[in-house]
Amino acid sequence: MSKSQDASAHQVVVRFAPSPTGFLHIGGARTALFNWLYARRHGGRFLLRIEDTDRERNSPEAVAAILDGLTWLGLEWDGEAVSQFARAPRHRAVAEAMLASGHAYRCYLTQDELAAMREAAERDKRPLTIRSPWRERDAADAPAGKPFAIRLKAPREGETVVVDHVQGRVTFPNKDLDDLIILRSDGNPTYNLAVVVDDHDMGITHVIRGVDHLTNAARQTQIYEAMGWTVPQWAHVPLIHGPDGAKLSKRHGALGVEAYREMGYLPAALRNYLVRLGWSHGDDEIFSTDQMTAWFDTADIGKSAARFDFAKLEALNGHYIRNEPDDRLLAAVADVLPHIAGGTAIAAWLDGGGGAKLAALMPALKERAKTVRDIISGAAFLWADRPLALDDKAMKLLDAEASAVLGTLTSPLGAAPEWTAHALEALVRAFAEEHALKLGKVAQPLRAALTGSSVSPPVFDVMAVLGKAETLARLNDVQQNSAANS
RNA sequence: GCUCCGUUCGUCUAGUGGCCUAGGACACCAGCCUCUCACGUUGGGAACACGGGUUCGAGUCCCGUACGGAGCGCCA
């Protein structure tokens, strides 16, 4: 292990180490992104480790969801994902080695004794620092057969320093740090031990993670030092908060990335939004993946927490949608369809020949969409059943006068020699002029009749995509309806 | 409570002692474009938490206060 590490001593190796207790949430996604960017920037490796040592709270579904989320986001990792649980024997061996070298000791403190210490500290309103009497006791005093945990024999004097790319130099007085347990009485390694051993064995050079791990960095430093291992470079990134400044909750954005996918966000947009949350490169806002990787640096990560802002994500997503090739947008539509009401019916319509129509309208659709779902709702009139349901504004647009205008328009339309947006626009403009009407007086009722709404892509595009027969049929529906009402 | 961290427009941020009468982006408002919406474009309002220092000069350095956050498990 150490040989291969020496050989690659100058190569950057980072990792993303989620615990599979849920989905890949937005904060984790950003941490993964930062690590991925850092590795790519330095031509290093981005490894993945699943922290699944807590058997109760871990599920294969969650692991799959995390891998899916990373893949969708485009954050490919190098090699196989490492299971932390599978490495427990090695963690145990390291704990034993520390015991043997005198850097750790067996602690026979019981849960009851611990609880009493906690209670006493609470009562006296003083900070709780566990001081195990077993630290100094002779091994001969050990009660035979009683369960024990292994605790790190941490230094009591001086301070432990964490030199961090983001947080700067943070010092922790050793007197405030207690002897952390590295091996539980049931023989299982604890988180801090497992992380250090794994990071060391995996040759991790830089640990980029949330600030909630800052104090862990101090404790982990003590383990590295006890083992005589090289401490990795640290970069503790501030957390992402909800719009109200409090911890991100389900209401806000603490959703799994798959939720963003289902809401119709593009991975490139989410990456761009996330990278800009806490990190900056001057006034730049839009980054291609190449630019991100070329410019990303832990030194440019801010120290204060950022709030999650859907409006900005949406604006960014709109930008990416406008610039996305139509065929990929079509694929994105197919991707979200299963997740919306009536989606399967739409998918069937698409497969039954509607796909070509959606594709034809895509340039107009993507111009006004913020999410993939907007594309779908904006195209809904394509597969709507006749006669169309009209919304209130459409209803108002189709008053008696407008209906009459549309009635006289039907015959020139029926005789249209060419059914293209361009030709239709010329035809309708000529018609409006002939009848001394402003174009809007014709176009708006037309839009209402054809789409059932006052808002849509340009009407001439709508007519072209709908086709002559369908257009005339929808206009006829309006005539029927207005006749019935009068 | 203790330890650590933070605080520039509503939000994300630029800013590393003079280039800042504080810049960009999103959002908001108004105009233009226009068959609607959107895009685009032009313009507008909008911030250095507060109080002391240091300095010729402070958003930038120091101290304090307030507010916010994170961590204080035989969880990860």
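Keep in mind that what you see is a predicted model, and the values were worked out from it rather than measured. Just so it is clear, the values below take in all heavy atoms, side chains as well, and ignore hydrogens, waters and symmetry mates. Every chain is numbered from 1 and lettered A, B, ... according to where its sequence line falls, protein lines coming before strand lines.
Distance from the side chain of A:R429 is smallest to B:C35 among B:C35, B:U13, B:G10. Checking B:C39, B:A25, B:G73 against the side-chain heavy atoms of A:E285 singles out B:A25 as nearest. Residue A:R322 has its side chain nearest to B:G40 when only B:A14, B:U7, B:G40 are considered. Of the candidates B:A76, B:C35, B:U3, B:U3 carries the atom nearest the A:D176 side chain, counting heavy atoms from C-beta on.
Contacts of residues 366-383 of chain A with RNA chain B (heavy atom under 4.0 Å): A:E367, A:R368, A:K370.
The base of B:C12 sits with one of its N or O atoms less than 3.5 Å from a complementary donor or acceptor on the side chain of A:K312.
Side-chain nitrogen and oxygen atoms of A:T53 include at least one within less than 4.0 Å of the OP1 or OP2 phosphate oxygen of B:A76. At B:C72, none of the side-chain N or O atoms of A:T215 fall inside 4.0 Å of OP1 or OP2 (strictly under the cut-off).
Backbone-only engagement by A:L239 is indicated by non-hydrogen atom pairs under 4.0 Å involving sugar-phosphate atoms exclusively.
Base-pair partner of B:C56: B:G18 (Watson-Crick or G-U wobble, both distances under 3.5 Å). Here B:C2 sits opposite B:G71 as a Watson-Crick or G-U wobble pair (both hydrogen-bonding atom distances under 3.5 Å). Pair check for B:A25 finds B:U11; Watson-Crick or G-U wobble, both atom distances under 3.5 Å.
Whole-Å rounding puts the A:L214 CG to B:A70 C1' distance at 9 Å.
Positionally, the nearest nucleotide of RNA chain B for A:G302 lies more toward the 5' end than for the other of A:A17 and A:G302.
Only the P atoms considered, B:A27 is 13 Å distant from B:U41, to the nearest whole Å.
Aromatic ring centres of A:H206 and A:Y38: separated by under 6.0 Å.
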